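Quick notes on the structure that follows.
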Amino acid sequence: MKVALFYETLEDKKVKCKLCNHNCIIPPNSTGICGVRKNEEGVLYSLVYGKIIAEHVDPIEKKPLFHFLPGSWSYSISTVGCNFRCSFCQNYEISQYPHIYKSIAGRPKTPKEVVEDALKEETKSISYTYTEPTVYFEFAYDCAKLAVKHGLKNVFVSNGYMSKEVIDYIKPYLHAANIDLKSFKDSFYKNICKARLQPVLDNLKYIKQLGIWLEVTTLIIPGENDDPEELKDIANFIKTELGPETPWHISRFYPTYKMLDKPYTPEETLLRAYYIGKEAGLYYIYIGNVHGNQYENTYCPQCNTLIIERYGFRILKVNLGDNKTCPNCGFKIHGVWV
Ligand code: SF4
């Protein structure tokens, strides 16, 4: 167990965790909403420090990040636990592990070992992903700091519910993030994820403002967040608050966990979302979880020349001109390329 960062001690040995926007008040011998931070005698501990539940060498495109070191490998890790309770979670076996099994699992590993393995595998970055990096922040932070010393970049794949303090703490070591914007309705966040919308919107804006490379993902669930007006709200928010150069990944839902009663997202719904994004003025929109479609490619926002051709998570062709511009019209293609 590792003493946690970001908490304060209250009366009667209660603690307030300030790692995420739930700000749990935790009585002694209890855990917060995420189930992986425990108050023992007025001291808050991370129960998942150095306990790796998933570890893979993934294409960076799988995060998904399409404009950050495309074609590179990313050493991807996670512990169990999440601060959300999404009933459609596609990784629920590990994200909800503490609630399902009433225990913590994971192979012991130190930050040094994570970084050594990332270098051995010739990856360019470490991704903190699969579950929610915020809830294993102490471990992610120690890995990220060491990774930078060895020339690696760091990526958070997150629900964006961390506190502002956390973003400030990690910012010197964080190079890119893919943050979910799951809906534009607070009721969706409340009822389905047991969280709130506004902190996510605030964090998206803050991360962008800090200059960390940002891409946004929306999983479109039939009957829950596929209303064209809501999709317009999301697209307009990205355009006006984050900038039209912020890539938007529209991802296909498949029935899982507690949401088995919904069908796969129809392709026409995904396409409608794509054109809503285009109409809003977004430069880079991608349809995910439907391999082998033309909407996985990057096109020049100005002249529509094919810039990066993909098949699934594989890059088939890169057609970037000098200074990372469109070779046809010279438009600057946004991203982190080296
Ligand atoms: S990280 Fe966990 S314990 Fe801390 S505020 Fe969030 S849900 Fe609560």
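Counting convention: from 1, in listed order, for ligands and their atoms alike. Note: hydrogens, waters and symmetry copies are ignored here, and every other heavy atom, side chains too, is used. Remember, it's a predicted structure, so these values are computed and weren't measured experimentally.
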Distance, nearest 0.5 Å, that separates CD of Gln302 from CG of Asn328: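 These two atoms lie 9.5 Å from each other.
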
Just which atoms of ligand 1 are under 4.0 Å from any heavy atom in [X]?
X	result
Asn23	5 (S)
Cys24	3 (S), 5 (S), 7 (S), 8 (Fe)
Leu19	1 (S)

Ser74 side chain to Ile60 backbone, donor-acceptor under 3.5 Å: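 Flag not set: sc Ser74 to bb Ile60 has no pair under 3.5 Å.
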
Identified ring-ring contact (aromatic ring centres under 6.0 Å, His included) counterpart of His56 within the set Trp73, Tyr75, Tyr130: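 Between His56 and the candidates, ring-ring contact (aromatic ring centres under 6.0 Å, His included) is satisfied uniquely by Tyr130.
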
Protein contact to atom 4 (Fe) of ligand 1 [nearest heavy atom, distance to 0.1 Å]: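 The answer is Cys17 SG, 2.3 Å.
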
Residue and atom name of the nearest protein heavy atom (relative to atom 1 (S) of ligand 1), distance in Å to one decimal: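 Checked against all protein heavy atoms, atom 1 (S) of ligand 1 sits closest to Arg37 CD, 3.6 Å.
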
His22 near atom 6 (Fe) of ligand 1 via N/O/S, less than 2.8 Å: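 Coordinating: no.
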
Lys/Arg-Asp/Glu bridge criterion (N-O < 4.0 Å) met for Glu215, Lys63: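 A salt bridge is absent here (no side-chain N lies under 4.0 Å from a carboxylate O).
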
Minimum non-hydrogen distance to atom 3 (S) of ligand 1, winning option of Cys20, Gly32, Ser30: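 Of the listed residues, Gly32 has the closest heavy atom.
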
Cys34 near atom 2 (Fe) of ligand 1: N/O/S under 2.8 Å: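 Short answer: yes, at least one N, O or S atom is under the cut-off.
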
Cation-aromatic face contact Lys164/Tyr206, 6.0 Å, 45 degrees: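 Yes - Lys164 lies over the ring of Tyr206, closer than 6.0 Å to its centre and within 45° of its axis.
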
Parallel, tilted or perpendicular: ring planes of Phe66 versus His249, cut at 30 and 60 degrees: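 Rings of Phe66 and His249: perpendicular, as their planes differ by over 60°.
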
